Every structure is written in structure tokens, then in C-alpha cells.
Colleague: 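I'd like to ask you about the structure that follows.
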Amino acid sequence: MTDIERIRNFSIVAHIDHGKSTLADRLIQLTGTVAERDMKAQMLDAMDIERERGITIKANSVRIDYPAKDGHTYVLNLIDTPGHVDFAYEVSRSMQAVEGSLLVVDASQGVEAQTLANVYQAIDADHEIVPVLNKVDLPAAEPERVKEQIEDVIGIDASESVMISAKTGLGIPDVLEAIVTRLPAPKGDRDAPLKAMLVDSWYDSYLGVVVLIRVMDGVIKKGDQIKMMKTGAAYKLDRLAVLKPQMVEIAELGPGEIGVFTASIKQVRDTRVGDTITHEKKPCATALPGFKPAQPVVFCGLFPVDANDFDDLRDAIEKLQLNDASFSSEMETSAALGFGFRCGFLGLLHLEVIRDRLEREYDLDLITTAPSVVFKLHMRDGEVRDLHNPADMPDLTLVDHIEEPRIKATILVPDEYLGDVLKLCQDRRGIQMDLTYAGSRAMVVYDLPLAEVVFDFYDRLKSVTKGYASFDYQITGYREDFLVKMSILVNDEPVDALSIMVHRDRADARGRAMVEKLKDLIPRHMFKIPIQAAIGGRVIARETLSAMRKDVTAKCYGGDATRKKKLLEKQKAGKKKMRQFGKVEIPQSAFIAALKMDE
Ligand SMILES: Nc1nc2c(ncn2[C@@H]2O[C@H](COP(=O)(O)OP(=O)(O)OP(=O)(O)O)[C@@H](O)[C@H]2O)c(=O)[nH]1
């Protein structure tokens, strides 16, 4: 067991790409935690997709032994936090598990939206914060200006920022010293009953579920009989270890320490981030505050393009859920799309990552329906229902009013793009709450309906600002608005995968845009096809796709049978990506394309 005075627990907060992973790698490397030859760049980002997209999804941790200048060897525990907005709750739990943060800011870029969101979480958790200016090797680095910005925008003292280049290794020893001298040691009572926080968990194909914990009070040992206070489940610990970052078994962990255990836990779902772990026989009196179960906020339907792949899709979803308790699924049948799943996600990025993995790792062709948020239906009889799928919208006469989730969005953007950003937010029913300046950049805060953000807001924001805006949001609550369900009818058949909830004032424009798009996206058939948008029984927009004149084989005159056969085969292959709606075939790509809004 480590002397509590010689422990420092910390996390690194940064905006995406400011160099968090590179710094972590350097710290690990410099302290010889990993032998040089085992050093893979970005040790902490385990998953391929994370590496490819350059984002950190699952929190993880590493324990570093550091001989400090004062002659003592310290144990430094770095908990890596997910950098994306969708995982705000996971970030908040990781923050509770440590006492300090390194605030990494790219000295050539300055403070960004996620820097703010994450540093506020660190401040909320009462962290001691050490500002670290990275990338000072770049000619464009302006450390003095960025220091000022940190003081102006975040309001913390940046005069003693550590200047580093995680790339060249410059300043890394200073970071290690700052961790020891400027961050506080943890506190905890060794003699009190065990109280540990469940910080993270993941599924390992050899070990089963691995649980990352921070001990607050008491001592945990291999073989202990433990209990999770929120779920009530009890387990016997069969392995206790620290991560260096590979697992090294350890006999016990005391207050202030961070480590992992395994205990024959079947699925990640049985472990809840933020839960309190204690001894079954001698439990602690109260659980740690702030526990919140993971709540999916964005839903969409996932259907196999080829109905025969349904079983494969179900198996793949079950496998992914082994490692991700926040991704929910429920079987769904759609008249148009057949059998599939209605899935819930923490946010848009989470949705994209899961869909990508299903398509890539499990080789599935999927139709994704429009992402939707959870609407609250206040029924006339007083009942309040959650609506996860616009297709399930009940008869309007039964509904008194509808509420939708709202967010507080923070956007940082260079001055010259401010006008475009304001217009975009305004177009998405936003209400401006704040507008301030930090140097040549504006910080805008908007109250927006989440429904207007889930689809393509982020893409639009990036395109109108040429990638210079940064964006972050948090859900603030529900508010009533005049929302209606808009259905799309193709050849008089409703296509439920295309129905959306929309504000009444926007319905006409959205409806018109969608039918116009669909007219281009649906190939011509042998007959005329009306395409309509409707609210209830009322058609608000209509286009007609005219009939095709010739069939594809018509130009193969003469008896060229092979050519004809080839053409028909080609057509058949193309059909695999099509869906049949009544007599009409709609290409898979049309579903998402039709919902994109051009502004
Ligand atoms: N020139 C220079 N480039 C750096 C430095 N530190 C990191 N980079 C580069 O900046 C990019 C982003 O670095 P990462 O460490 O992946 O950033 P991150 O903050 O971990 O990003 P996420 O994992 O996406 O949150 C990489 O291409 C790094 O090579 C530095 O000190 N100088």
C-alpha cells in the first residue's frame, strides 16, 4: 500500500487535438512505465475507431512511478477522460475520482469550446488546476496571448503555466514536478469501512468485465466480498490490479489509490459508472453523491438492408452492448423497413461510432432512420408518455401538448464567421443567451431545441465556419412547443422511416424540401409516383415523379442474350440497396439524404 502523502491523482482536460494523448504518452515514456520498445503511440486510446477518428471514448487509466526532485518516489495516477460532449457524465465521474487536472491548451489555437466545458467540470470537482501550454514548438504558438485568454475566459491564474511540446518532449519533466508540487495528495480514512467509486468498466474477452475504481476510504483486497450499493449486487473479488498500463496484480488498495478488479461479472451493464462499492459484511453508511444512470437521449432505427441479415444484426448489437451499457436497443418492426431495432444513444457521436462499428466490424449494410430525440407527450388524461419514435405518435386528439428537450450550446468562433453562426442558430429555433468576446473570437451561448441539433447541426456549423468553430452542449430540460408529426407518402403509402417531428411553423418548408429531394432520389418507375408530405390527413407539399418511358433492356435489340442477362443482373445487384414500398423501390441512400437540410 502506498503512503497517501505520496499519491497524486489527476486527469488531463483539453479540447480535441490539443495534445492530451501525446502528453500522456510522454509522461508514461519518460517515467519508464512502459519499456521503450513496447511504446505504441497513444497508449491510452485502445480502440481502432478511437485511433482513426482521433477521439477518446472510454475513460482509462495509468499508474506511473515518479522519483521526484525531493528524493521521494510518488505514485501518479492518470485517469483519461472521454473528450466528447456525449460523455459528460462519465467525465464528471472521472473528475470526482481525482484531485487535480492538467489543463492542456494548444498554444497556437487557444481556448476552445471543449476546453471550457471540461475545465468547468474540473472546477466543479474542486480540482487544483495546472495550465499547460502545448505545441510551443510551432511557429504559430502565442503562449503569452493564450495565457491571457485562459485568465480572461476561464478565470484561473495562468502566470505559472508550464510550457511544453509534447511532440519534442520539451518541458515534460516540469509537468511531472508540477503534478507533485502543485496538486494536493488525496485524503481518506484507512480505518473506515470501504468506500470506492466505480469510475469505468469494460469487457475484456479473457478476463470478463474489468472495473476501474478509486478507493475513497478503507482498504480493498483480493478475495473480498463486495457489494455495489446502487444495483445491490454482491461479488467476490478474484483479481485486483493496477494499470501500468498493462495489468499488474496487487494485494490491496488503500485510500487515494486507483486500480481495477475482476469478479466474474457477466456484463458491463451490471456495473454502473458512479456507483459506490463497499464490503458486503461491513458496508459504509452512505453512498457517494451524484450517481446518475446512463440515459440515452438520441434514438434512431437500425434496419438491415438485406432482411436475411436480421439475426446477424441482433448478435452484433448484443456483442457491442457487452461493452457499452449506455447503448440501448429494442426490436422494432416497420411496415416499410421490416424487422430492425430502435436504438438509444448518449448523443450523435455515440450513434455514429456504434453504426460505424456495426458496418465495419460486423460487415452489415444498414439503413439508419432519422435520429430523433425523446419527446414528452402530455396526454389529455394527464398521463405523460415518452415518444422515442415519431412513427408511434398517437392520435393528436388524445394529446394535450408536447414538450421537447432543450440544450445550452456554447460556440467559440472567429469573428468573421459570427454572422453565419448566429444565422444558423436562429434558423434552428435558437434563443441567444450570451455573446462575449475573447480576443478576436466570439463566444456565443444559445438555448436550442436538441431536435434541431441532432441531425446535421454540427456538420453545418463546421461548414459555415470552415472548421474554425468549436461547439459543446448540455441538456437543460424540457419545454413545450408547437410540434407536429410530419409523414411522407410515396405513391400514397406512408413511409414511416421518413416521418419526423417538426415545429409547425417549419413544417411547410421542411415538407416541401423533403418531397423535392425525394423526387430526385427515387428512380423513375413504369408509372407516375406522387410524393407527398402530410400533417395528419392534410397534405402540405406534393411532387410527382413522372413515369419512365423505356425499360433498361430496350436498347439491347437483336438477340444478344448475354448482354441482356448482364444488364438484368446489374439491376438486381442494385436492388439489394433498394427497399420496396408498395410498388415503389426507394434506394437506401435516400433515407438520410432526404432528411438533410440545405440552408
Ligand atoms: N507540433 C506539435 N504537434 C503536437 C504536439 N502535441 C501533439 N501534437 C499533434 O497534435 C495532434 C493531436 O494530438 P493528440 O495527442 O492526438 O490530441 P488529443 O488531445 O489527445 O486528441 P483527442 O484524443 O482527439 O482528444 C497530433 O497530430 C499530434 O501529433 C506538440 O507539442 N507540437
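Bear in mind the structure is a predicted one, so any value in this text is a computation, not a measurement. First listed ligand is number 1; within each ligand, the first listed atom is number 1.
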Colleague: Quick check on the 6.0 Å ring-centre criterion: do F345 and F299 meet it?
Modeller: no
Colleague: With a 4.0 Å cut-off on N to O distance, would you call K20 and D80 a salt bridge?
Modeller: yes
Colleague: Please list all pairs meeting side-chain hydrogen bond (donor to acceptor under 3.5 Å, both in side chains) that have one or both residues in residues 170-183, counting only residues at least two apart or in different chains.
Modeller: Y66-E177
Colleague: At a non-hydrogen distance cut-off of under 4.0 Å, which region of H18 contacts ligand 1 (side chain, backbone, both, or neither)?
Modeller: backbone
Colleague: Hey, is K187 close enough to E99 for a salt bridge, meaning N to O under 4.0 Å?
Modeller: no
Colleague: Check each of N134, T168, D137 against atom 6 (N) of ligand 1 and report the one with the nearest heavy atom.
Modeller: N134
Colleague: Would you call K319-D315 a salt bridge at under 4.0 Å N-O?
Modeller: no
Colleague: Show which atoms of ligand 1 fall inside a sub-4.0 Å distance from at least one heavy-atom site of S165.
Modeller: 30 (C), 31 (O), 32 (N)
Colleague: Has ligand 1 got any nitrogen or oxygen that is less than 3.5 angstrom from a nitrogen or oxygen of A166?
Modeller: yes
Colleague: For residues 101-121, which residue pairs qualify under salt bridge (Lys or Arg N to Asp or Glu O under 4.0 Å), counting only residues two or more places apart or in two chains?
Modeller: D106-K135, E112-R441
Colleague: Pull out every atom of ligand 1 sitting under 4.0 Å from any heavy atom of H15, numbered as shown with elements.
Modeller: 19 (O)
Colleague: Pick whichever of I12, T22, D25 has a heavy atom sitting closest to atom 13 (O) of ligand 1.
Modeller: T22
Colleague: If you measure every N/O of I164 against every N/O of ligand 1, is any gap under 3.5 Å?
Modeller: no
Colleague: Please list, in number order, the atoms of ligand 1 under 4.0 Å from a heavy atom of L138.
Modeller: 1 (N)
